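Worksheet: one structure, shown below.
Note on naming: letters A, B, ... go to the chains in the order of the sequence lines (proteins, then strands), and numbering restarts at 1 for each one. None of these values were measured; they are calculated from a predicted model. Heavy-atom basis, side chains included; hydrogens, waters and symmetry copies ignored.
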Amino acid sequence: MASPLTVARQVRRILLDQVKPCLFLLDREFHILLIDGDADYFGYGDLRPGVDCRDAMPFLYGLSPMDAIHLPLVETASGRAADILFAPMGENQSLLLTDASRERAGRQVVQQQANELRLVHKQQQKLMDGLRVERDELARRHREAEELSRMKSGFIAGLSHEFRTPLTGILGHIDLLRDPKHDQETLAENVHSIESNATHLLSLVDNVLDQASLEVGQLVLHPVPTRLTAFCREIEAMFTPLARQRGLEFRLHRRGELPEWVEIDLTRLRQVVINLVGNGIKYTDTGFVALIVAWAKNRLQMSVSDTGPGIPKAARERIFLPFHRELNTSGRQGAGLGLAISAQLVGLMGGRLRLADRPGGGSVFGFAVPAPQVGTALAARQDGAGHRVLLVDDSPDIRMLFLRILRKAGFVVDSAADEPEAWQRFEEHRPDVVLVDLYLKEWEGTGLIKRLRARGFTSGVVAWSASSLRQDVQRAMSAGADLYLVKPVEPAVLCAALNEVLHRRIAG
Amino acid sequence: MDTRKICILGDFAVGKTSLVARYVHNEFSERYYTSIGVRVDTKIIGLPDGSPLKLAIWDIAGTDTPTELFLRYLRGAAGYLLVADGTRAETLARALQLREAVESQLALLPFVGLVNKADLRGEQEIHQDRIATMREAGEIWLAVSARTGENVDNAFSVLLASLSG
Ligand SMILES: Nc1nc2c(ncn2[C@@H]2O[C@H](COP(=O)(O)OP(=O)(O)OP(=O)(O)O)[C@@H](O)[C@H]2O)c(=O)[nH]1
Ligand SMILES: [Mg+2]
């Protein structure tokens, strides 16, 4: 049987083996005075009395000689962990290292698992959040699509009515025309009614087609030099009598200096302004409708205010959506597309159509779109100035009409109905600019443009067509056209466009 | 040689060990091995005036609760890097708690805030405005990446520049 002393010695050895205590006695400059224990275990076997031990034990930096501190789980030079006890001892300091490797290893496994779990959890959370956002977005889009489809159905129902009314009118008046006994006056009345019904029908069709083009992103802008003051006068002339008929006043205000010429898609601008002013007049019973025009920093600002009933807050969000019928509840006619188209056109032109309350009652619709000023040089040459134009179009009516218009504007004009005739005229007439219809019978306008360019014709080519599809525009431009116009083209716009092309050719 | 003790503080897995490995050894590992306790690395750098300076860099195990022990590790530090993980917004809040503890219980030490893992561009959760607000309050915050090394040397230089003496 072992003596108590032997047992005590054995226990002590086992304990020492477990704890691996290693004591360093240091002076106030951290120089080693004495080492007792297995310094090698911690990677400090090379340290000898006399050296500054902080080089090997950088965890001692920052401590001052009088500090007493216990630092657990510090990594030592051997990579093992130690508990460090640092304390003053008389004039000197004692530094005791005991092994903490096992404790660190144990904790490491537990902590590693815990942290990884938290990271995984976080990842899951992120994924779920992402999915939730996506789901909400999908649901939102679904709701929008449903709403749109609901509005479309209502719209089509309403539209058939809108179409039927003028068509019935037209057919009725044609019937009356068949009556051989009518006099000159009723004849004129009938023709006038047919005309106004047809005009209304045409504007309905235009709106539906515009909305369709906007929906497929096929509507392209065609900015042309535009005379702002002339445009204002045109709007004034159009709406003053209309307003008067409804017992209203139409006011036009020009704020500040307007440039003579700006570049903008006049057709679309006109469409928006007519729609806004037209709505104002339609929905206002007493008072006035005002159009305010201003121009600053190459942006054209327009606002249309009225003294009508205003638009209820609840309806505002929907009012710019296509197919809404908010404004039609009062039983007034309109297909519910005008504002949606206007909003989208303003967007296309680089602005935003906004709606506000008019102080004192009524609404204000306003927008600002880029409309860079164009030089007076261009404006000065606005008349045809004897430039030679060859007009190629298979419709005799169009040819006749525009021959007259262009001649009146000062151009020297010749025309052709098809490609062979176009070539003949081309040789004789030597035009400065050729105006080509894209969709001609039997052959395509783009072919003619290509062949013109292939023969070295370097002057202006303007393509025009009833199509505003992007691919048609691209086809014409890549064939060599300088400009593309969508029919119907206002005479003023056509003249401006021809001048623009002539100017570009001269300048270039 | 002059020496300075600086500490790296932050929540777990924000990249403290990775930042030190990048700065001292120019190394990076994708693997995550949780630190326990502390590990002190040194790096000798040249000061603008040409004299060398030894940095003792304390990589302290990540924590979200500033215990007495945690604060003990900071004894004698001249300043610290406060690290958050840009892809986990909550680590910024935790970092700010750590700073609060240091400032209230220890000292107003100079620090430089780091938003690590800047390389994970699409996954950032800490908004630029948040950082901008702290910068407006006079704090230094840098976007860094231990993985690419982006701004890592700079982070240490900026901290050194803000240490007094
Ligand atoms: N993408 C990317 N990953 C990083 C970056 N820095 C660190 N990581 C990764 O993030 C994880 C955690 O990095 P560590 O450096 O171990 O983090 P720590 O802050 O020391 O973590 P604890 O020691 O647990 O407190 C590891 O998988 C690293 O590879 C970085 O800049 N970019
Ligand atoms: Mg670590």
*Hey, what do you get for CZ (B:Arg88) to CG (A:Leu119), rounding to the nearest 0.5 Å?*
5.0 Å

_Need one label for B:Glu123: side chain, backbone, both or neither, based on atoms under 4.5 Å from any heavy atom in chain A._
both

*Do you know which two heavy atoms are closest between A:Tyr61 and B:Lys54, and how far apart they sit?*
OH-NZ, 2.9 Å

*Quick one: do A:Lys122 and B:Asp85 make a salt bridge, cutoff under 4.0 Å?*
no

_Non-hydrogen atoms of B:Trp58 and A:Phe59 that approach each other most closely_ = CZ2-O, 3.2 Å

*Specify the closest pair of heavy atoms between B:Ala56 and A:Pro58, including all atoms of both residues, with the distance to one decimal.*
CB-O, 4.0 Å

*With a 4.5 angstrom heavy-atom cut-off, could you sort out which part of B:Leu69 is near chain A: side chain, backbone, both or neither?*
side chain

_Taking atom CD as the centre, does A:Glu137 end up with more than 12 heavy-atom neighbours from other residues, nucleotides or ligands that are less than 6.0 angstrom away?_
yes

*Just wondering, do A:Gln111 and B:Phe12 contact through their side chains at under 4.5 Å, heavy atoms?*
no

*Among the options A:Glu103, A:Glu75, A:Arg104, pick out the one with the most heavy-atom pairs lying under 4.5 Å from chain B.*
A:Glu75

*Enclosure of A:Arg352 CZ (heavy-atom neighbours >12, cutoff 6.0 Å)*: no

_Residue A:Glu91 excluded, over 12 heavy atoms near CD under 6.0 Å_ = no

*Under 6.0 Å from the CZ atom of A:Arg12, do we count more than 12 heavy atoms belonging to anything else shown?*
no

*Under 6.0 Å from the CG atom of A:Asp17, do we count more than 12 heavy atoms belonging to anything else shown?*
yes

*asked:* Measuring from atom OH of B:Tyr73 to atom CD1 of A:Ile69, what distance do you get when rounded to the nearest 0.5 angstrom?
replied: 10.0 Å

*asked:* Quick check for you: to the nearest 0.5 Å, what is the distance between B:Asp11 atom CG and A:Asn115 atom CG?
replied: 8.0 Å

*Does NE2 in B:His25 sit with more than 12 non-hydrogen atoms of other residues, nucleotides or ligands closer than 6.0 Å?*
yes

*Please state whether the side chain, the backbone, both or neither of A:Asp55 comes within less than 4.5 Å of a heavy atom of chain B.*
both

*Atom CZ in A:Arg54, atom OG1 in B:Thr3: separation rounded to 0.5 Å?*
6.0 Å

*Determine the option with the most heavy-atom pairs under 4.5 angstrom with chain A, choosing from B:Asp41, B:Thr42, B:Thr87, B:Ile57.*
B:Thr87

*Could you grab the distance from atom CD of A:Gln108 to atom OH of B:Tyr33, nearest 0.5 Å is fine?*
3.5 Å

*How about B:Met1: does its CE atom have over 12 heavy atoms from other parts shown lying under 6.0 Å from it?*
yes

_Neighbour count >12 (heavy atoms, 6.0 Å) for atom CZ, B:Arg72_ = yes

_Heavy-atom proximity to chain A below 4.5 Å, by part of B:Ala13_ = side chain

*Would you give the length of the straight line joining atom CZ of B:Arg39 to atom CG of A:Leu73, rounded to the nearest 0.5 angstrom?*
14.5 Å

